[in-house]
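Below is one structure, written out as structure tokens, with a few remarks after it.
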Amino acid sequence: MENKGKIIFGSCILILIVSVLSLIFKTYTFSLTVLSLIQLVAIVVFMKIKLKMKFLSAANIFLLFSYIFHVGQYFLFMFKLTADIPFNIVSLSSYLEMAKALQFYILCQNSIFLGIVIVCLYFPTKKLLSCKALILDDQKNILKIAVILILLGIFPKLYIDISKLKLFLDGGYLNTYAFKSFGFLNVIAHFVEYGILILLYYFSKNKKMSLLLLVAGIMLEIPIILSGNRGWAIICILMYLWLFFKNIIVFKFNIKSIFNVVLILIVLWFLLSIVNFISDNRSFTFDSIKDLLKLYVPYMKKFPLTDILGEFGGTMISLIYIMRFVPVVSPHGCGVGYVAGLLNVFPNIGGFLSNFREEMVFVYALPPEVSFSLGGSYIGELYYNFGYFSIFFALILGIVIGIIFNLLQQMEEENKSLVFPVCICIFATLLWWIRDYFSGIIREIVWVSIFIIIVNLILKWKGRNKFNEKS
């Protein structure tokens with residue numbers, strides 16, 4: 001790696017150029033859309049050349065997902081691509097509002113990029129690997145932890161997913177909102193996905209086992225996807241595919257590699273067509289699975305990628321509305337949303353968390369006729385809390401992502417710590433945060449991390465007791 005000062009200087013020059021261009025084109029939506037794509041490519045190439053970062057690194061995946069979820073519909077509209085768009089941001093906002101939101105997005109991505117660069121150059125992440133609570137006495141403890149996570153979560157997951165699927169078949173997507181479950185039950189149900197992610201890491205050198213885990217993981221998500229509640233499931237499936245590609249698929253120009261890539265593309269085509277089908281038909285009711293399959297067949301013949309951009313690429317509408325109404329109608333949160341979100345770590349005993357509902361979910365600051373249909377956005381949440389000062393706070397997020405990337409990179413060489421399993425679970429949750437709320441992810445991050453550490457300590461204690469008995 002070349003001189004650190006030169007890398008920082010180079011990254012600042014790139015940020016300056018992009019920022020100046022975003023100010024020049026601040027009212028031109030098409031120009032900003034092109035600029036956001038150039039920014040993404042430039043950042044990925046810069047980190048590849050200067051930081052020796054792999055294209056499938058955690059940092060690049062986060063930036064890519066952030067782009068798809070926020071700029072996906074812009075890309076379709078500006079380049080006149082046809083797609084099924086259930087939530088059309090053009091019909092819900094003006095071009096000036098779209099340009100203003102996109103400019104803010106570009107400036108935030110600059111800060112996140114700078115945070116990643118700073119961490120990769122200066123943050124000593126190896127100190128975290130020496131933490132006693134995270135040291136593994138036995139590499140097989142990772143396998144045990146993953147199995148325990150899956151066993152604890154499998155029945156709650158099946159109960160929730162099948163219940164929602166039944167409600168969907170009886171009355172369509174909106175009928176699934178009739179299902180009520182305790183918050184902690186949802187977190188435990190997600191233990192299954194975290195366990196599969198850890199197993200994919202543990203068996204990263206075993207191609208057959210990794211493929212089996214990939215297929216099993218995807219199959220487990222099918223019921224909840226069919227019910228229309230597909231957001232978290234899609235994130236998990238993409239995480240499975242990311243780990244599979246990252247650790248298993250070696251891109252070489254031979255028949256075997258080409259076959260592997262084609263197979264994965266077929267699976268992706270199948271999954272994307274299912275998502276598009278559910279998006280278009282989730283408000284319908286079906287008399288039987290047979291009726292559902294009849295409607296699904298035509299979707300296999302369509303190119304699904306543009307529809308995916310149309311379906312998931314409208315997250316920017318949350319930022320557009322926040323910039324429209326804050327601070328004109330409602331004041332900025334000034335960080336209260338993040339402080340209140342921390343309370344969500346605790347179980348909602350006696351319903352005390354309900355008193356902080358409006359502070360935890362930033363869209364409740366908007367008029368009811370707007371907020372009822374909105375989802376989350378980590379960039380929208382930043383703007384709600386800090387306005388344009390959010391550009392500096394986005395630097396902190398970049399630092400967090402950089403730390404996770406560094407740790408994941410180091411754990412490919414050193415396998416004697418729980419840092420990788422914990423980080424891979426946190427990273428999956430951060431990807432979900434792109435289109436969710438801070439209060440919605442903090443509980444899962446804390447609970448699953450503490451659970452993994454406690455189980456590891458118990459396994460270490462049992463292992464040492466057995467060793468003492470033998471000696």
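In this chain, numbering begins with 1 at the start of the sequence shown.
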**OP:** Would you sort out whether Val361 and Tyr364 count as a side chain to side chain contact (heavy atoms under 4.5 Å, CB included), showing the intermediate values?
**Re:** CA-CA 6 Å; Val361 181; Tyr364 290 143; 3.5 Å; yes
**OP:** List the steps, then state whether side chain to side chain contact (heavy atoms under 4.5 Å, CB included) holds for Leu395 with Ile118.
**Re:** CA-CA 10 Å; Leu395 181 69; Ile118 290 171; 4.3 Å; yes
Subject >> Stepwise side chain to side chain contact (heavy atoms under 4.5 Å, CB included) check, Glu444 with Ile441 >> reply: CA-CA 5 Å; Glu444 298 216 5; Ile441 67 163; 5.8 Å; no
Of all the heavy-atom pairs spanning [X] and [Y], show the shortest one and how long it is.
X	Y	value
Tyr338	Phe438	O-CE2, 3.3 Å
Ile196	Gly217	CD1-CA, 3.8 Å
His332	Gly387	CE1-CA, 3.4 Å
Gly375	Val363	O-CG1, 3.7 Å
Leu114	Ser11	CD1-OG, 4.0 Å
Tyr95	Thr29	O-OG1, 3.0 Å

Original post:
Do other residues, nucleotides or ligands put more than 12 heavy atoms under 6.0 Å from Tyr388 OH?
Top reply: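 Correct, the count exceeds 12.
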If we only count heavy atoms from C-beta on, is the [X] to [Y] side-chain gap below 4.5 Å?
X	Y	value
Ile150	Leu199	yes
Leu149	Val192	no
Phe9	Ile13	yes
Met323	Glu97	no
Ile424	Tyr201	no
Cys120	Met53	yes
Ser318	Glu381	no
Leu21	Leu32	no

Is it the case that the side chain of [X] and the backbone of [Y] share a donor-acceptor pair, with hydrogens and angles ignored and the cut-off at 3.5 Å?
X	Y	answer
His70	Met316	no
Ser163	Tyr159	yes
Gln109	Leu63	no
Ser439	Gly341	no
Ser210	Phe203	yes
Thr315	Ser377	no
Ser66	Phe62	no
Trp433	Tyr378	no

**OP:** Specify whether Phe25 and Tyr28 have parallel, tilted or perpendicular ring planes, treating 30° as the upper limit for parallel and 60° as the lower limit for perpendicular.
**Re:**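 Because their plane-to-plane angle is over 60°, the rings of Phe25 and Tyr28 count as perpendicular.
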Original post:
Going by the angle between their ring planes, with limits at 30° and 60°, are Phe392 and Phe389 parallel, tilted or perpendicular?
Top reply: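 Correct class here is tilted.
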Subject >> Criterion ring-ring contact (aromatic ring centres under 6.0 Å, His included) against Phe427, the qualifying member of Trp432, Phe65, Phe405, Trp242 >> reply: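 For Phe427, the ring-ring contact (aromatic ring centres under 6.0 Å, His included) test succeeds with only one of Trp432, Phe65, Phe405, Trp242, which is Trp242.
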Subject >> Side chains of Thr429 and Tyr194, donor plus acceptor under 3.5 Å >> reply: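 The answer is yes; a qualifying pair exists.
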**OP:** Establish, from distance only, whether the side-chain atoms of Ser19 and Asn110 form a donor-acceptor pair under 3.5 Å.
**Re:**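 Result is yes, a qualifying pair exists.
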Subject >> Gap separating the CD1 atom of Ile404 from the CD1 atom of Ile399, nearest 0.5 angstrom >> reply: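 So the CD1 of Ile404 and the CD1 of Ile399 are separated by 12.5 Å.
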Original post:
How far apart are the C-alpha atoms of Tyr383 and Phe362, what are their side-chain angles, what is the distance that settles it, and do they pass the side chain to side chain contact (heavy atoms under 4.5 Å, CB included) test?
Top reply: CA-CA 10 Å; Tyr383 183 84; Phe362 71 90; over 6 Å; no
